[in-house]
Amino acid sequence: MRLSEIEVVSSNSLADALNVLHDRPGRIKPIAGSTDAIIQLKDGSLQTNELLDISNLRELRYIRRDGSVVRVGALSTYSDIIDSPVLKSSCGMLVDACKTIGSLQIQNRATIGGNLGNASPAGDSVPPLYALNANVKIQSREHVRLVPIEKFFLGYRKIDLMPDELITEISFEAVERPCDGTFLKLGLREGHFIALVSLAISARWAPEGDRFSDVRVALGAVAPIVFRARKCEEYLRNRTLTDEMIWNAGKIAAGESTPISDLRASAEYRRTVTPSLLYKAVHMLIESRRGWEKS
Amino acid sequence: MERAGLERRFSFRLNGGQVSVSAPPAHTLLEVLREKLHVTGPKEDCGKGECGACTVLMNGKPVLSCLVLVSQADGAEIVTSEGFMRDSLPDRVQKAFVEKGAVQCGHCTPGLIVSTEALLSRNPNPSVEEIKTALAGNLCRCTGYASIIRAVQQAARKDLGAVTQ
């Protein structure tokens, strides 16, 4: 399909966009920031006669708090997220993750909903959403449903989204004391790069401050999809943090991964560096908590 | 059956003036700027968002015109490297790039000019780290970047000098 033969329907309200999708499910493909979609159209991996452009749909571009819940409209760009005072104070790890995605030019266009809808296995905004237990709000003309992020990703490039549906919002509980979180990504250089391994951790400190009463660890780029390292979480939960046990937890996480070798790194290398990433992340949380005690 | 021509008319602000152009809605903004409007500052080097040679300002923010459809730019404000000229003369950023030897083959230069202008408009006195971050999406295969960073610093000094005078 040549780009010159593709029709583009531009929508300026959610109701209108959902109507169009309802009338032409599967035949018309929604695009948002289009930083992936245009490449896919050019290389033929996305084939369609019709595009539904929702990039100017202002009503899905917001970041706000409702009590303890943070709501991010699906068409919020990475720049919106990086510059958001709400997210800076309620979820720094999502901000840190988005800073590592693409260049400024990409961050100004690419949207968080688009990243989910594209089902990219290299979506670096995804591990924080797993660690946050985020919910994905999905709407069609007929219904609204809320899907936990872990249920949304079904497999490699497979997501729980019907052709007449749009992702409209991502929501999660704000991360505040005694909870904390961090994101780390290992690549081959600074500047925009694709992760060899990425890790997001969110934890609730026990009152004693020497252990996590609850913890979620999500790993990216070391399995077909992002996953929660549940054995590692189990091991970390309610156990006094020592250097040795943090290393052990990292090794358990690496054991839960199923990395592949590709042009960027071998599977063995990815497995070897995963414990270091967890070790560093937990120590960042320990450092961060020391800061709380001083303040 | 041959499909009917899909051209539609799109209007947007371009380098301070209003333009109206007929084009297929799924053509990229880059294609329309170069082929229909003959604004050839933005270049197509990679065509897939890696190199930054097609960088333009869209509503004040640097974006890649190879990854924007012309239909998405309808009603927007677009500025290319040409838009920063003053009375058909290079502005202080463009002059600094020439004076510091930051232009070799020149292919990346228009994109770098746009990214630099965007950086200096929001941060008039950037550190070297801030310059590197702001320009990370603009690849240059000739200069090794050292002269580019010096050019951005010189342009920033000129701006600051103008303010203090």
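This structure is a prediction, so every number in the text was calculated from the model and none was measured. Note on naming: letters A, B, ... go to the chains in the order of the sequence lines (proteins, then strands), and numbering restarts at 1 for each one.
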Working to the nearest 0.5 Å, report the span between NZ of B:Lys61 and CD of B:Glu77.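 B:Lys61 atom NZ to B:Glu77 atom CD measures 14.5 Å (nearest 0.5 Å).
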
What's the separation between atom CD in B:Gln94 and atom CE in B:Met85, rounded to the nearest 0.5 Å?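 CE of B:Met85 is found 6.0 Å from CD of B:Gln94.
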
Against chain A, work out which of B:Pro24, B:Cys66, B:Pro25 has the most heavy-atom pairs shorter than 4.5 Å and name it.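 Heavy-atom pairs under 4.5 Å are most numerous for B:Pro25.
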
Max heavy-atom pair count under 4.5 Å with chain A, selected residue of B:Leu67, B:Val63, B:Leu64, B:Thr28: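 Going by pairs under 4.5 Å, I would pick B:Leu67.
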
Is a donor on one side and an acceptor on the other found under 3.5 Å between the side chain of A:Asn12 and the backbone of A:Leu57?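 No.
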
B:Ser115, part contacting chain A, at a heavy-atom distance under 4.5 Å: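 The side chain, not the backbone.
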
Would you mind checking which part of B:Leu135 comes under 4.5 Å of any heavy atom in chain A, side chain (CB onward), backbone (N, CA, C, O), both or neither?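 For B:Leu135, neither part sits under 4.5 Å from chain A.
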
By a 4.5 Å heavy-atom criterion (distance strictly below it), what part of [X] contacts chain B: side chain, backbone, both, or neither?
| X | result |
| --- | --- |
| A:Ala110 | neither |
| A:Leu51 | side chain |
| A:Ser34 | both |

No-hydrogen, no-angle side-chain donor-acceptor test under 3.5 Å, A:Asn56 and A:Ser10: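 No pair is found: no donor N or O on one side chain lies under 3.5 Å from an acceptor on the other.
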
For a quick check under 3.5 Å, do B:Gln104 and B:Thr143 share a side-chain donor-acceptor pair by atom type?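 Absent: no donor and acceptor within the cut-off.
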
Counting only heavy atoms not in A:Tyr269, do more than 12 sit closer than 6.0 Å to its OH atom?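 Counting other residues, nucleotides and ligands, OH of A:Tyr269 stays at 12 neighbours or fewer.
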
